[in-house]
Amino acid sequence: MAKQFKKIGILTSGGDAPGMNAAVRAVTRYALNKGLEVYGIYEGYKGLIEGKGSIKKFAPHDVANILNIGGTVLYSARCVEFKQEEYIQKAVDTCHEFGIDGIVTIGGDGTFRGASDLCKHGIPCIGIPGTIDNDITCTDNSIGYDTAMNTVIEAVDRLRDTCESHARCNVVEVMGRNAGYIALETSIALGATAVVVLEDANYNEANVIEKIKVAREAGKRNFIVIVAEGVDNYAEGLAKRIQSETGVETKFARLAHIVRGGSPTLRDRVLAAKMGVAAVDFLLEGKENVFVCERDGEMVATDIQEAIVIDKLYKSTFTPGMSAPEALKNYSPERQAEMKEFCDMRTKEVQKLLKISESISNYK
Ligand code: F6P
């Protein structure tokens, strides 16, 4: 029989993302409607460790007028201590003290590892993916991704205006530590001359230089090259080399955290609402140690451990020095094959995007 929930906690952790507030509101309002008590936990796992002073009982008005605001009203922290048993136990004690029966955690991969540890200590957790990078392999979309991409295209459209006036190139680095999705999709939306992501095993700088030369010959004045942050220490040097080898004056811009702020788009607000409602439903159905994934428009519950393994497996296919996770061996050969197939599907999606980006940016 499913556990009877009376009180749930909600927290945001890791890098913030636009739409987190919409998710906090959705979870709170929906849970209150279901007759639960809701406790807002401030500064993520750090707040849970600290306990009193970082925890507030929420009424409906406590989450009013936050839907459209960027960042997270619950604040966030990257809590390194939370890997240690002593601190996990303190967090568990806080849950017992407040009578919190389960927690909804909103964040990225680090957040889910924390949630998984809490589950192992008897506190059921449901994760909601909130990260601009969209780098959680098991879900099609994470909260914040759409807004971040829209912010990128707004900023780079502006850069293009001035590049056109001055016949320049601009190399733009966008966020995305372990995934090039932001770079890939925005490169298409922006008609970028080239995109550089870790996932592209065939990337060749000489081709980019040649492409710019050919297009300049054909009369093209402005050039935009998008580079994902994950391609470490690359973008600025590339700008210098483009200038010296093509003769096209080239500027470098790093959009960095500007892409993490701002009011969430409609897509992120709706995704946050769907995921928030699904998270509470999953808890009430007795699911735990799962996170809410969007797959083909549906909200599905995915085991957190499995999701972490799939995530590492996928990233190991393009991240230098990273190998398939040890934990993969814990699964049956059939399940391993399914996991690999899932990763192949993600790889194919990325290849498709790369092909589209390339095929509509040539001046040949
Ligand atoms: O995980 C999201 C992200 O925005 C990454 O793209 C980026 O590398 C990282 O967070 C930056 O983190 P911080 O806010 O700790 O500098």
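Both counts, for ligands and for their atoms, begin at 1 and track the order of listing. In this chain, numbering begins with 1 at the start of the sequence shown.
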Between the side chains of Lys315 and Thr137, does any donor sit under 3.5 Å from an acceptor? no
If you have a sec, work out which protein heavy atom is nearest atom 2 (C) of ligand 1 and how many Å separate them, to one decimal? Asp133 OD2, 3.4 Å
Side-chain H-bond candidate by donor/acceptor type, Glu205 with Tyr203, under 3.5 Å: no
Nearest protein heavy atom to atom 14 (O) of ligand 1, by residue and atom, and its distance? Arg260 NH2, 2.8 Å
Is the shortest distance from a heavy atom of Gly176 to ligand 1 less than 4.0 Å? yes
Among all protein heavy atoms, pick the one closest to atom 15 (O) of ligand 1 and tell me residue, atom and distance. Arg78 NE, 2.9 Å
Looking at atom 8 (O) of ligand 1, what's its closest protein heavy atom, distance included? Glu229 OE2, 2.7 Å
Can you tell me which residue and heavy atom of the protein come closest to atom 16 (O) of ligand 1, and the distance to 0.1 Å? His257 NE2, 3.0 Å
Atom CZ of residue position Arg216 - does it have more than 12 heavy atoms of other residues, nucleotides or ligands inside 6.0 Å? yes
Ion pair present between Asp101 and Lys6, side-chain N to carboxylate O less than 4.0 angstrom? no
Under 4.0 Å between a Lys/Arg side-chain N and an Asp/Glu carboxylate O for Lys355 and Glu358? no
